[in-house]
Chemist: 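Please see the structure below; I have some questions.
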Protein chains: 2
Amino acid sequence: MDLGKRLRSRGYRVTPQREVIYRVLQENEGKPLSLDDIHSLACEKRPGLGLTTVYRTLDLFRELEVALPVHLHGDSQYYEINEGKHHHHMVCLSCGDVELLEACLIEEIEDIVRDGSDFMITGHCMSLFGYCPDCLERGRGKGSR
Amino acid sequence: MDLGKRLRSRGYRVTPQREVIYRVLQENEGKPLSLDDIHSLACEKRPGLGLTTVYRTLDLFRELEVALPVHLHGDSQYYEINEGKHHHHMVCLSCGDVELLEACLIEEIEDIVRDGSDFMITGHCMSLFGYCPDCLERGRGKGSR
DNA sequence: CTCCTTATTGACAATTATTATCATCTATTA
DNA sequence: TAATAGATGATAATAATTGTCAATAAGGAG
Ligand SMILES: [Zn+2]
Ligand SMILES: [Zn+2]
Ligand SMILES: [Zn+2]
Ligand SMILES: [Zn+2]
């Protein structure tokens with residue numbers, strides 16, 4: 001569904017700022033972006049767009065599930081567009097590169113949980129950490145970062 | 001291995017502050033604590049302990065792998081003691097309760113990755129979100145939080 | 001045990017990140 | 001096109017994190 005429908009159907013307005021931020025997320029599908037990343041990229045398309053607006057818009061997008069929060073090691077909160085293509089991430093501890101991982105064993109885990117507790121699982125997140133092929137090749141498999 | 005050895009073997013000193021913070025983590029095994037949580041609890045045992053020291057100590061503990069960072073939804077960074085008992089978490093979206101999940105299918109995922117890429121996995125994190133039995137019983141399965 | 005050396009601490013200041021306020025602007029609808 | 005209410009951006013206010021430095025105290029030598 002397109003952004004306009006998703007916004008209007010909940011009583012929110014379609015604004016250029018929201019469209020720009022949405023486009024930034026769309027163009028970086030699979031690449032988690034920090035708030036500052038989003039702000040910089042959005043400002044390229046619409047100079048002057050305020051950082052406050054980025055905060056507000058991402059809160060909204062998260063509420064509407066237009067964007068999903070992504071947890072990686074490191075301080076910042078990252079965001080990604082939610083295109084319904086469920087996936088996870090592999091983060092290189094040396095260069096910080098983020099690769100996509102489409103595999104997910106959540107059903108198996110849900111089975112395990114169902115047998116052992118009454119917790120109802122509705123979502124999850126997962127990140128794998130390690131070293132990307134490039135860093136391994138360059139002998140940076142144990143480098144800092 | 002005990003804290004003293006872990007510190008001294010790397011040239012760090014054993015201080016009461018570090019011991020107190022370690023004890024706080026130990027007494028809350030399985031329950032992720034935020035920096036403020038840790039600070040409050042540590043201050044009960046040692047009034048006056050500075051927040052700066054908590055920041056510094058947790059950076060150190062993380063480096064020494066005495067503590068592990070835990071990612072949950074929400075802003076704060078959480079920490080947990082690393083007792084070698086690998087586990088994950090289930091977070092209730094209604095009451096915020098965190099339950100332990102000892103199940104982990106990382107080996108299966110590593111197999112999948114090995115077949116599909118050359119990324120070398122050395123660690124991972126995972127959290128499941130949903131509703132705890134209490135909240136389900138109270139009909140708060142779709143409540144806010 | 002006492003004295004040195006130097007890592008560590010805590011108070012404070014400086015930065016940085018996030019949230020609140022409010023006048024102005026503008027998307028929507030009639 | 002005009003009216004209305006939501007949204008934006010500038011600014012201020014808070015909160016979170018990091019840096020500085022004099023005072024303290026842990027660990028090692030004697
Ligand atoms: Zn790499
Ligand atoms: Zn998954
Ligand atoms: Zn609950
Ligand atoms: Zn695991």
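All values derive from a computational prediction rather than experimental measurement. First the proteins, then the strands, lettered A, B, ... as listed; each starts at 1.
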Chemist: Select from A:G11 and B:R8 the residue whose nearest nucleotide in DNA chain D is closer to the 5' end of that strand.
Modeler: A:G11

Chemist: What is the distance, rounded to the nearest whole Å, between atom CZ of A:R10 and atom P of C:dT28?
Modeler: 17 Å

Chemist: Report yes or no: is there a donor-acceptor pair, N or O only, under 3.5 Å between the side chain of B:R18 and the base of C:dT8?
Modeler: no

Chemist: What's the closest nucleotide to the B:L51 side chain, out of D:dT17, D:dA7, C:dT18?
Modeler: D:dT17

Chemist: Starting from P on D:dA7, measure out to OH on A:Y22 and report it in whole angstrom.
Modeler: 18 Å

Chemist: Give a yes/no answer on whether the side chain of B:T52 brings an N or O atom under 4.0 Å of OP1 or OP2 in D:dT18.
Modeler: no

Chemist: What is the distance, to the nearest angstrom, from the OH atom on A:Y79 to the C1' atom on C:dT18?
Modeler: 11 Å

Chemist: Give a yes/no on whether any side-chain N or O of B:Q17 is located under 4.0 angstrom from OP1 or OP2 of D:dA25.
Modeler: no

Chemist: Taking the nucleotide of DNA chain D with the closest heavy atom to each, which residue, B:V14 or A:Y12, is nearer the 5' end?
Modeler: A:Y12

Chemist: Could you work out which one of D:dT18, C:dT28, C:dT18 sits closest to the side chain of A:Y55?
Modeler: C:dT18

Chemist: Nearest-Å distance, CG (B:L64) to P (C:dT8)?
Modeler: 10 Å

Chemist: Only one of B:I38, B:L72, B:L68 forms a side-chain contact (heavy atoms from CB on, under 4.5 Å) with B:Y78, so which one is it?
Modeler: B:L72

Chemist: Could you go through A:H124 and B:H88, starting from their C-alpha distance and side-chain angles, then the distance that decides it, and tell me whether this counts as side chain to side chain donor-acceptor pair (under 3.5 Å)?
Modeler: CA-CA 11 Å; A:H124 66 283; B:H88 296 287; over 6 Å; no

Chemist: Which atom pair, heavy atoms only, marks the closest approach of B:C43 to B:L49?
Modeler: SG-O, 3.5 Å

Chemist: Please give, in whole Å, the distance from C:dT8 C1' to B:I21 CD1?
Modeler: 12 Å

Chemist: Atom CD of B:E19 and atom C1' of D:dG27: how far apart are they, to the nearest Å?
Modeler: 14 Å

Chemist: Between the base of C:dG10 and the side chain of B:R56, is there any donor-acceptor pair under 3.5 Å?
Modeler: yes

Chemist: Grab the CG-P distance between B:L58 and D:dT18 for me, whole Å please.
Modeler: 12 Å

Chemist: Would you call A:K85-A:E102 a salt bridge at under 4.0 Å N-O?
Modeler: no

Chemist: Whether B:T53 contacts C:dG10 is assessed here as follows: a side-chain N or O lying under 4.0 Å from the phosphate OP1 or OP2. Is that the case?
Modeler: yes

Chemist: Under the side chain to side chain donor-acceptor pair (under 3.5 Å) rule, what do A:E63 and A:Y12 come out as? Steps first, then yes or no, please.
Modeler: CA-CA 12 Å; A:E63 181 196 326; A:Y12 295 107; 3.2 Å; yes

Chemist: Between A:Q77 (CD) and D:dA16 (P), how many Å, whole number?
Modeler: 16 Å

Chemist: Below the 4.0 Å mark, does C:dT9 have OP1 or OP2 next to a side-chain nitrogen or oxygen of B:T15?
Modeler: yes

Chemist: Can you find a side chain N or O atom of A:R13 that sits less than 4.0 Å from OP1 or OP2 on C:dT26?
Modeler: no

